[in-house]
Structures are given as C-alpha cells and as structure tokens.
Amino acid sequence: MDISFLIQLLLNGLVIGVIYALIAMGLSLIFGVLEIVNFAHGEFYMLGAVAAYFLTTNLSIGYWPTIALVTVGALAVGFILYEVLLASLRGEGFERSILLTLGLSMVLQNGAVFLFTTTPKMMLSPLTYSNVIMGDVRMSVLRLYALGLGIAAFIALYFILYRTQVGKAMRGVSQNREAALMVGIDPRSVSRLAVAIGIGLSGLAGAALAPIYAVHPLMGFSFVFKAFAIIIIGGLGNVSGAAIAAIALGVLESLIGGFLPTVMVDGLAFAAMMLILLIRPQGLFGRGVRV
Amino acid sequence: MNDQRMSGKMRAALVVIGLALLFAVPSFTRNEYVLALGVSFATFAVLSGGLNLVYGYAGLLSFAQVGFFGLGAYAAALLVTDVNWPVWAGALAGALLAALVGLGIGYSSLRLSRHAFAIVTLSFALLCMIISRDWVSLTRGAMGIPGLAVPQFNFPGGLSWRLNKPTDFYYLLLGLAVVCQAVIYAVVTSRIGRALKAVKMNEPLAQSQGINPLRYKLMAVTLSAFMTGLMGGFFVFYLTIVDPSIFDFYYTETMLIMVILGGAGSFWGVLFSSAILTVLPDMLRFTTDLRMVLYGFILIIAMLVFPGGIGGWFERRRIERWRKVPYGGRSAP
C-alpha cells in the first residue's frame with residue numbers, strides 16, 4: 001500500500017468529518033441551550049442541498065452566491081422555526097420536543113419526497129470536474145471548498161461563542177439555566193439565536209455537499225444518524241466535543257472504508273457510541289454526570 | 001366504589017363480545033381485503049401496545065421498536081430458510097434476540113439519561129436498516145429473502161396446522177395479539193405497572209420508596225422488545241418476503257401516532273386508536289407519502305395543543321372527578 005492512497009483517504013475523511021461537524025455542532029448547540037434534541041436537523045441539511053440544487057440548476061446562480069443564499073436562508077428558517085414551534089415548548093417535556101421535531105421531520109421529508117421524488121439528482125457546476133493535483137494525491141476543488149467552508153464556519157462559531165457577549169450568554173444558559181436567568185440573560189433571545197445558528201450550519205453543510213454527492217430527499221436521514229452518535233460521543237451539549245468527535249469519525253470511516261466492507265463503516269458510529277456509553281457515559285469531553 | 005365495579009364488569013363483557021366478533025369475522029366474510037385489515041390491526045395493536053408500555057408507562061421514548069420488529073422478522077426468516085428451523089422456533093429465537101438487544105440498548109443508555117435512550121434507540125433503528133441492506137452475505141442485501149416457506153405447526157399427537165389461507169394468518173396473528181395485549185394489560189395493572197407510573201411521574205420520590213427505576217425500566221423495554229420481535233417473527237411469514245423495508249420509518253411513525261393520539265399510558269385508548277388508524281387511512285386511500293405528511297402535521301399539532309392524546313383527556317377528566325374541583329392547570333408531566 002502506498003502512502004498517497006493513505007493521504008487520499010485521510011483528506012477525504014477530513015472533508016466528510018468537517019461536514020459531520022457542521023451538522024453535529026448545530027445539534028449539540030441546540031441541545032445545550034434549549035435541551036431539545038432536534039430530530040428534524042437532518043432535514044434542514046437536506047433542504048439546504050435541495051435549495052442549492054435548484055439555485056444552481058434552475059436559476060444558474062454561481063457557487064459562492066448559492067452558498068451564501070442558502071446559509072442566510074437557513075439562518076432565517078431557524079429564526080422562524082424557533083418562534084413558531086420551539087418557543088412554546090420552553091422548559092416543558094423533553095419527549096414533547098422530540099415528537100414535535102419528529103413531526104416536522106416527517107412533514108419535510110415526505111413532503112420533499114412527494115414534490116422532488118426519491119430519484120437522486122446530480123448537481124453539475126462548472127467546477128464539478130476540476131481537480132487539484134499534488135503529487136499522487138488528487139482532490140476535487142469542490143471538496144477543498146467544502147473543507148474550507150467548514151473550517152471557516154468553525155472559526156466563526158468559535159468567535160461567536162467565546163469572543164462575543166451573546167456567545168457568552170449562550171454558554172451561560174447551557175451551563176446553568178437558572179443562574180443565567182438570574183444574571184439577566186434573556187433565554188428567549190439566546191435560544192432563538194442558537195436555533196438559527198444550528199439550522200444555518202446545517203443548511204451550509206447541505207449546500208457545500210450538494211455538488212459533491214447526489215441530492216435526494218432521504219439524504220438527511222443517514223447523516224443525522226451519525227450526528228446523533230457524534231453528539232453522544234462528544235458529550236451531550238458540548239459543541240467543541242462534537243466537532244472533535246465528528247472529524248475523528250469522518251477520518252476513521254474513510255480509513256476503514258478503504259480496506260474493509262461497507263457494513264463496518266456503517267456500524268462504526270454506532271459501535272463507538274455504545275462503547276462510549278458503557279465506559280464513559282458523559283462523552284469523551286463531557287463534564288462528569290451521575291450514572 | 002359500586003359504580004366502579006359495575007363499569008369493570010361491563011368492560012369485561014364488552015371485551016368478550018369484541019373478541020368474539022373479531023374471531024368470528026372469517027365466518028362472515030372471506031374477503032381478503034377485510035382479512036388483510038384485520039391482520040394489519042393485530043400487528044399494529046401489538047407494536048403500539050409495546051411502544052405504549054415503554055413510552056406511555058415507563059416514560060421512555062423508544063424509536064427502536066421497528067428495529068426489534070425487523071430483527072425478529074429477519075432472525076425468523078433466516079433461521080427457517082437457512083437452518084431449517086420450524087417457524088415457531090425461528091420466531092421465538094427472533095423474539096429472544098430482540099429482547100436481548102433491547103436489554104443491551106436499555107442498559108447502556110439508561111444509565112446516562114432518557115435523552116440518551118431516545119438518541120440511541122433511534123440510531124439503532126437506522127443502523128438495523130443500513131446493516132440489512134449492506135451485509136449482503138447474511139441478509140441478501142436490498143433484494144431481501146423472497147418466497148418464505150408456508151408455516152406449519154406440528155402439535156404432539158400428529159395434529160398439524162398449515163397456514164396457507166389468509167384466514168389462517170388472521171387467526172394466528174389475532175390470537176398472538178390477544179395474548180400480547182393480555183400480557184401488557186396484566187403488567188400495567190399490576191404492581192409493576194404502578195411502579196413504572198410512579199417512576200415516570202417522579203423518579204426520586206419513587207426511588208425513595210424503594211423502587212429501583214433502572215430495573216423496572218429495563219423490564220418494560222425488554223418485555224416490549226420481546227413481544228414486538230415475536231410479532232415480527234410471525235408477521236414476516238404473512239408477508240412471505242423480508243427485505244430492508246421491514247425497518248422502514250413508516251412503522252415507527254405509525255406506532256407513534258397511534259400511541260400519541262390514543263394517549264400515552266392509556267391501554268384502551270391506544271388499542272382503540274390502533275384500530276381506527278389501521279382502518280381509516282386505508283379506506284381513504286391516502287398515498288403513503290401524503291399519509292406521512294399528514295401524520296407529521298398531526299404529531300406537531302398534537303404536541304402543541306393536546307400532549308396527552310385522547311386517553312390523556314379522559315384521564316384528566318377522571319382526575320378531575322376525583323378531585324371534585326375544576327381542573328385548571330396542565331396535566332402532570
């Protein structure tokens with residue numbers, strides 16, 4: 001086995017890991033701030049990809065404007081989602097929030113199947129066949145862009161969470177709801193922003209991956225399954241834990257996929273999650289929990 | 001008190017009459033559509049009953065039910081086809097496997113939290129679907145295993161029952177459903193059921209009374225997995241084929257809608273809504289996609305407006321009567 005094959009696998013894994021991270025960080029952020037597990041999260045990733053497909057194919061809008069439009073659109077959808085559905089749940093029933101978002105996921109997914117059919121569609125853009133070649137390693141430009149976008153989104157999220165007032169408020173709420181309320185943080189505006197950011201990241205992930213993989217209404221499904229495993233591995237509500245676990249999973253999956261059958265790749269996320277639950281239930285990077 | 005006993009007697013009479021009517025259906029009509037609806041009702045009654053036991057009584061939202069169902073189905077189909085086991089043994093093995101997996105999932109995730117349980121069960125259901133599709137050497141992949149054998153039960157004494165007519169499956173699955181419902185009813189009305197409800201309402205308080213929450217929760221999860229797997233193990237021979245679509249999310253969503261609308265934690269409510277929701281959408285001839293969109297909307301509206309479902313509404317009225325004061329606040333969580 002030559003080293004360039006290994007580097008190739010590593011790079012591909014890194015790209016997919018970064019995309020996992022975008023989805024899982026949003027999921028983890030929403031859980032941390034609102035204590036809601038957003039079961040519809042994968043559908044927003046799917047909608048982001050479908051929106052990108054339509055913008056590029058039907059309206060022939062370029063790559064970067066498409067990404068920007070979809071991300072802004074997803075942020076707006078997050079705002080609306082919070083105001084219309086999630087705000088009324090405040091502090092009430094964890095199961096209710098799951099069932100509510102599950103209902104939303106059913107509507108979005110089956111509605112998309114109805115309108116869009118399940119036939120996977122390839123999105124062609126002028127960049128589809130351009131590659132960057134470094135020695136023996138060949139990398140599609142679109143994958144590199146996706147990687148770059150993912151890293152840019154990390155940095156932006158890090159900056160928001162650790163360098164701005166509202167980011168501090170968000171972390172405060174996720175650490176201790178009552179105490180945050182006591183020092184005058186408005187949980188409503190913080191939650192609204194958290195949901196908007198989470199959905200925005202998901203939409204961005206969809207738009208960035210749309211030109212690389214086929215677009216179809218069930219794509220959110222398989223992704224969100226991994227995102228759930230990732231947030232358990234990283235520690236529920238721990239955003240940076242989710243990012244690290246996501247990248248590790250992407251790279252591992254890619255490496256394993258290079259040598260072993262597909263079943264092993266599919267099972268990896270689940271097996272890792274079960275293992276973590278048994279030996280370190282608070283997640284790799286979680287604070288201690290009572291077991 | 002007298003009033004209560006009367007209604008209990010009446011209820012028992014109603015159950016007997018209802019059962020007699022259900023078992024008499026094949027002697028009135030041989031219409032395959034009616035029998036298919038009956039089979040579907042029997043199956044969904046057990047699936048939603050199992051979910052109700054876990055979610056309604058133990059308060060654990062499980063998405064793994066469809067996984068148990070398919071696991072039972074696949075195990076039974078493979079054992080009968082590849083190893084030549086008799087059908088009953090295959091189905092029983094499938095049910096035991098489902099129960100074992102349920103125990104494992106429950107144990108690993110419930111130590112952490114209810115949140116983790118919901119997430120892990122969902123991942124498990126999705127994993128089942130993916131594995132059934134990708135582990136081609138075992139499961140034959142997306143093509144599935146078609147043309148399953150006609151089940152035959154050999155009883156001691158040379159008697160045997162070969163299930164080659166729709167009527168036979170109707171009797172078999174209805175009989176199984178009745179047994180499962182009886183078990184569920186016995187559990188939820190027993191001390192175990194009350195302990196489960198106590199844990200759901202206030203875990204620390206229940207714990208302080210000497211109830212071990214984890215043990216009761218695991219019991220509920222395992223029993224429900226066993227029954228769901230058993231039903232899957234027999235239902236698959238009615239389908240005559242098993243493929244990855246047995247893990248379809250459609251089953252999960254239908255079960256959830258039945259439990260939510262019937263009222264989580266209400267035995268009769270869920271049974272009633274299983275019947276209605278089996279017959280009604282089929283008669284209205286919705287396409288599956290649109291039905292799921294509609295179910296999604298129902299779920300959203302139910303969660304926003306009446307989280308207790310129909311059964312929850314009756315329960316609230318009952319509590320109201322007990323208290324003899326107008327019920328003002330929200331229902332207990």
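Each chain gets a letter, A, B and so on, in the order its sequence line appears, and its residues count up from 1.
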Would you say the side chain of [Y] lies within less than 4.5 Å of the side chain of [X], judging by non-hydrogen atoms?
| X | Y | result |
| --- | --- | --- |
| B:Leu299 | A:Leu100 | no |
| B:Val120 | A:Met274 | yes |
| B:Ile300 | A:Met106 | no |
| B:Val293 | A:Phe114 | no |
| B:Phe249 | A:Leu218 | no |

May I ask you to check whether B:Phe63 and A:Phe39 place their ring centres under 6.0 Å from each other? yes
Nearest-0.5 Å distance that lies between atom OG in B:Ser108 and atom CD1 in A:Ile276: 12.0 Å
Out of curiosity, B:Glu253 CD to A:Asn110 CG, how far, rounded to the nearest 0.5 Å? 6.0 Å
Verify side chain to side chain contact (heavy atoms under 4.5 Å, CB included) between B:Ile119 and A:Leu236, making sure each step is shown before the conclusion. CA-CA 11 Å; B:Ile119 295 175; A:Leu236 275 172; 3.9 Å; yes
Bottom line for A:Phe270: the part with an atom under 4.5 Å from chain B's heavy atoms is side chain
Determine whether more than 12 heavy atoms belonging to other residues, nucleotides or ligands lie under 6.0 Å from atom CZ of A:Phe116. yes
Could you walk me through whether A:Leu104 and B:Phe297 pass the side chain to side chain contact (heavy atoms under 4.5 Å, CB included) test, one step at a time? CA-CA 7 Å; A:Leu104 182 65; B:Phe297 273 121; over 6 Å; no
Residue from A:Leu85, A:Leu102, A:Val113, A:Val37 scoring the most non-hydrogen pairs under 4.5 Å with chain B is A:Leu102
Taking all non-hydrogen atoms of both residues, which atom of B:Ser123 and which atom of A:Ala229 are closest, and how far apart? OG-N, 4.5 Å
Considering all heavy atoms of both residues, which atom of A:Gly267 and which atom of B:Leu127 are nearest to each other, and what is their separation? CA-CD1, 3.7 Å
Can you tell which part of B:Ile298 gets under 4.5 Å to a heavy atom of chain A, answering side chain, backbone, both or neither? neither
Can you say whether B:Leu256 sits under 4.5 Å from chain A via the side chain, the backbone, both, or neither, judging by heavy atoms? side chain
